[in-house]
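Written out below as C-alpha cells is the structure these notes cover.
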Amino acid sequence: MKVVLVLGSLFFVLKSNAQQLSNFIEEAQANNPSIQAYEIRYNIAQEKVNEANWLPNTEFGAGYFVSEPETRTGAQKARFSAKQMLPWFGTVSIREKYARAMAETDYVDYTIAKRKLTLNVAQAYYTLYGLKARQEVLDQNIQLLRTYEQLALTSVEVGRASAVDVLRLQIRQNELQQQKEVLQEQFLAEQAAFNALLNRSGGIAVDVVSEMVLPDTDPVVMDSLELNPELLRFDKMYESVAQAELLNQKESAPMFGVGLDYLPVQERPDMTFSDNGKDIVMPMVSLSIPIFNSSFNSRTKQNELRKQEIEFQKQERLNALETTFAKAVAQRNEARIAFRTQEKNLEQAMDAEQILIKNYETGTIDFNDVLDIQELQLKFQINQIQSVQMYYVQSAIINYLIN
C-alpha cells in the first residue's frame with residue numbers, strides 16, 4: 001500500500017481498501033457542529049444585507065382641539081399629520097454595501113474554520129495511523145521473540161543454552177505485550193477524539209490504512225502565503241472599515257422630510273360663502289441638519305485608526321504564518337532524513353540477525369545478542385513509523401498554509 005501526495009489538497013489519497021481520508025474530511029465538514037455554527041453565522045450576515053434596506057419610521061400624529069380656534073372659514077376641530085424622513089442620497093445603498101462587506105468577512109471565517117477542521121482531521125488520522133502501525137510492529141516482534149524462544153528451548157535441551165535465556169525472552173515478550181496494550185488504549189482515546197471531529201459516537205471503529213510510505217520526491221512548494229484565507233480575512237476587514245467610513249459620511253449629511261397635515265374645519269352656521277367649512281390640507285418639507293456632528297468626526301478618526309490596526313495585525317499574522325511554514329518545511333525534510341537513516345539501520349540490524357541465525361546452526365548463538373538486535377530492530381521500526389507520521393503531518397500543515 002502506498003500514499004500519493006497531491007499538491008493543492010489538504011489530504012492525501014490513500015491507496016487501500018480502507019475508507020479514504022477524503023471521505024472522513026467530507027463527513028466532518030458536513031456534520032461538525034463548529035462548522036455548522038459558522039455557516040449559520042454567515043447566513044445571518046447575509047440576511048443583514050436585506051435588513052440594511054430600511055428607512056426611518058413613518059410618523060403619524062393626531063390631535064383634538066379642546067379649545068377650538070376660530071378661522072374665517074370655521075372652527076378647527078382636530079389635526080392629523082404624517083411625516084417621513086429620508087436619508088441623504090445613496091445612504092441606503094452604502095449601508096447595504098457595508099453589510100455585504102461584513103458578510104464577506106464572516107464567509108472567510110467560515111472558510112478558515114473548514115480548512116482548520118480539514119487539517120485537524122488529517123492530523124488526527126495520521127496519529128491513529130502511527131498508533132496502529134506501532135501495534136503491528138510490536139506484534140511482529142512478539143512473533144519473532146516466540147521463534148527465538150523455540151530456538152532457546154531447543155538449545156536448552158541439547159545443553160547449548162540455559163533456562164535463563166528462555167526466561168529473558170519471555171520477559172521481553174511480556175514487555176512488548178504491555179506496550180501493545182497501552183498503545184491500544186491510546187488508540188481508543190484518539191479514535192474517540194477523531195470521531196468527535198466528525199460529530200459521531202466515539203466508539204465507532206475508524207478504519208485506518210496499515211502502511212504508509214514516503215513519496216520518492218517532495219512536491220514543489222510555492223511560497224504563496226499571501227493567498228491564505230487567514231490573511232485575506234484582514235483584507236475583508238479593511239474593506240468593511242472603508243465601507244463603514246463611507247456610511248459614516250452619508251449619515252453625517254442632512255436628512256429630508258416630507259409630510260402632510262390635515263385639519264378638519266367645522267362650517268359656520270351663521271354665514272354662507274364658498275369656502276365655509278373647507279378642510280385644511282398642508283404639505284410639508286423638512287430638513288434635519290446634524291449641526292453638532294462631533295460624533296461623526298470621532299467615528300472617522302476611529303475608522304482610520306482601525307485601518308492601521310488591521311494592517312499591523314495582517315503583518316503580524318503573515319510573520320507568524322511564515323515562521324510556521326518554515327518550521328513545517330524543515331521538519332518535513334528532517335522526517336525524510338530520519339526515515340532514510342532508520343531504513344539503513346534496519347537493514348544492518350536484519351543482517352546482524354541473519355548472522356545470529358547462521359551462528360545457531362553452528363551452536364554458537366548468544367541470546368543476549370538476540371535480545372539486543374531485536375531491541376534495535378524495534379527501535380528503528382518505531383522511529384520509521386514516527387518519521388512517516390511526522391512527514392505527512394507537516395505536509396498537511398504546508399498545504400493548509402499555501403493552498
Side-chain angles (χ1 to χ4, degrees), residues 1-25 115 118-141 144 179-180 183 186-187 190-191 194 206-225 323-353 374-403:
M1 288 171 280
K2 295 185 178 180
V3 175
V4 178
L5 184 64
V6 181
L7 183 62
S9 169
L10 293 178
F11 54 86
F12 305 97
V13 181
L14 304 177
K15 291 184 176 179
S16 69
N17 295 325
Q19 184 177 9
Q20 294 183 347
L21 177 56
S22 59
N23 294 333
F24 286 130
I25 292 173
R115 288 167 62 91
T118 298
L119 176 61
N120 291 337
V121 171
Q123 290 179 321
Y125 184 87
Y126 298 140
T127 298
L128 290 175
Y129 154 74
L131 292 171
K132 180 179 179 181
R134 278 183 278 175
Q135 290 181 64
E136 293 179 353
V137 165
L138 287 172
D139 265 336
Q140 296 171 7
N141 279 265
L144 179 62
Q179 294 178 28
K180 178 185 173 183
L183 287 175
Q186 294 177 358
F187 184 91
E190 291 294 335
Q191 180 177 261
F194 183 87
V206 178
D207 194 4
V208 183
V209 65
S210 60
E211 181 183 0
M212 298 175 65
V213 296
L214 302 188
D216 294 334
T217 58
D218 296 330
V220 178
V221 175
M222 303 299 294
D223 189 357
S224 56
L225 292 176
T323 300
T324 302
F325 177 77
K327 289 182 178 179
V329 172
Q331 291 182 10
R332 188 174 71 175
N333 293 337
E334 291 172 9
R336 181 179 287 279
I337 294 171
F339 179 86
R340 290 173 176 171
T341 301
Q342 302 307 319
E343 191 174 38
K344 293 178 182 178
N345 290 341
L346 186 57
E347 290 177 357
Q348 294 171 347
M350 294 178 67
D351 290 342
E353 179 188 12
Q374 182 275 327
E375 187 173 353
L376 282 175
Q377 284 183 343
L378 178 60
K379 175 184 175 182
F380 299 149
Q381 289 172 317
I382 295 297
N383 288 344
Q384 270 193 318
I385 294 171
Q386 292 174 341
S387 296
V388 172
Q389 178 182 342
M390 177 61 67
Y391 179 91
Y392 284 106
V393 166
Q394 297 306 318
S395 294
I397 294 175
I398 292 171
N399 280 299
Y400 168 82
L401 292 173
I402 65 175
N403 294 300

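All residue numbers in this chain count up from 1 along the given sequence. Keep in mind that this is a model prediction, so the values were computed, not measured.
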Checklist entry - Considering only heavy atoms from C-beta outward, does the side chain of L378 approach that of E375 to under 4.5 Å? => result no
Checklist entry - When rounded to the nearest 0.5 angstrom, what distance separates OG1 in T127 from CD in Q186? => result 11.0 Å
Checklist entry - In terms of ring plane angle, is the pair Y392 and Y126 parallel, tilted or perpendicular, where the classes change at 30° and 60°? => result tilted
Checklist entry - Rounded to the nearest 0.5 Å, what separation is found between the OH atom of Y400 and the OG1 atom of T324? => result 9.5 Å
Item to check | N383 vs T341 side-chain heavy atoms within contact, under 4.5 Å | outcome: no
Item to check | Stepwise side-chain contact (heavy atoms from CB on, under 4.5 Å) check, N345 with L376 | outcome: CA-CA 9 Å; N345 290 341; L376 282 175; over 6 Å; no
Item to check | Gap between atom CG of N399 and atom CG of L119 - 0.5 Å precision | outcome: 9.5 Å
Checklist entry - If you take all heavy atoms of A338 and S387, which pair is closest and at what distance? => result CB-OG, 3.4 Å
Next on the checklist: Using every non-hydrogen atom in the two residues, find where L214 and R336 come nearest and quote the distance to one decimal.
Outcome noted: CD1-CA, 4.0 Å
Checklist entry - Any side-chain heavy-atom pair from V388 and E211 closer than 4.5 angstrom? => result no
Next on the checklist: Looking at Q123 and A396, would you say the former's side chain and the latter's main chain have a donor-acceptor pair under 3.5 Å?
Outcome noted: no
Checklist entry - Just by distance, with hydrogens left out, do Q374 and N141 show a side-chain donor and acceptor under 3.5 Å apart? => result yes
Checklist entry - Taking all non-hydrogen atoms of both residues, which atom of F194 and which atom of V121 are closest, and how far apart? => result CE1-O, 3.6 Å
Next on the checklist: Within the structure provided, determine whether K180 and L183 are in side-chain contact (heavy-atom separation under 4.5 Å).
Outcome noted: no
Next on the checklist: I want to check something: taking the side chain as every heavy atom from C-beta on, are Q377 and L144 in contact at a cut-off of under 4.5 Å?
Outcome noted: yes
Item to check | Spatial distance of atom CD (E334) from atom NZ (K327) [nearest 0.5 Å] | outcome: 11.5 Å
Checklist entry - Going from CD on Q384 to CG on L346, what distance comes out if it is rounded to the nearest 0.5 angstrom? => result 5.5 Å
Checklist entry - Is there side-chain contact between R134 and Q386, with at least one heavy-atom pair below 4.5 Å? => result yes
Item to check | F339 side chain reached by Y391 side chain, heavy atoms, under 4.5 Å | outcome: no
Item to check | Pairwise distance CE(M350) to CZ(F380) - rounded to 0.5 angstrom | outcome: 12.5 Å
Next on the checklist: Does any part of the side chain of Q140, heavy atoms only, come nearer than 4.5 Å to the side chain of Q381, both counted from C-beta?
Outcome noted: yes
Next on the checklist: Testing the basics here: between I398 and F325, what is the closest heavy-atom pair and its distance to 0.1 Å?
Outcome noted: CG2-CE1, 3.9 Å
Checklist outcome for this item: For Q389 and G130 the tightest heavy-atom approach is OE1-CA, 3.5 Å
Checklist outcome for this item: Closest heavy-atom pair, V208 versus F187, reported as atoms and distance to 0.1 Å, is CG2-CZ, 4.3 Å
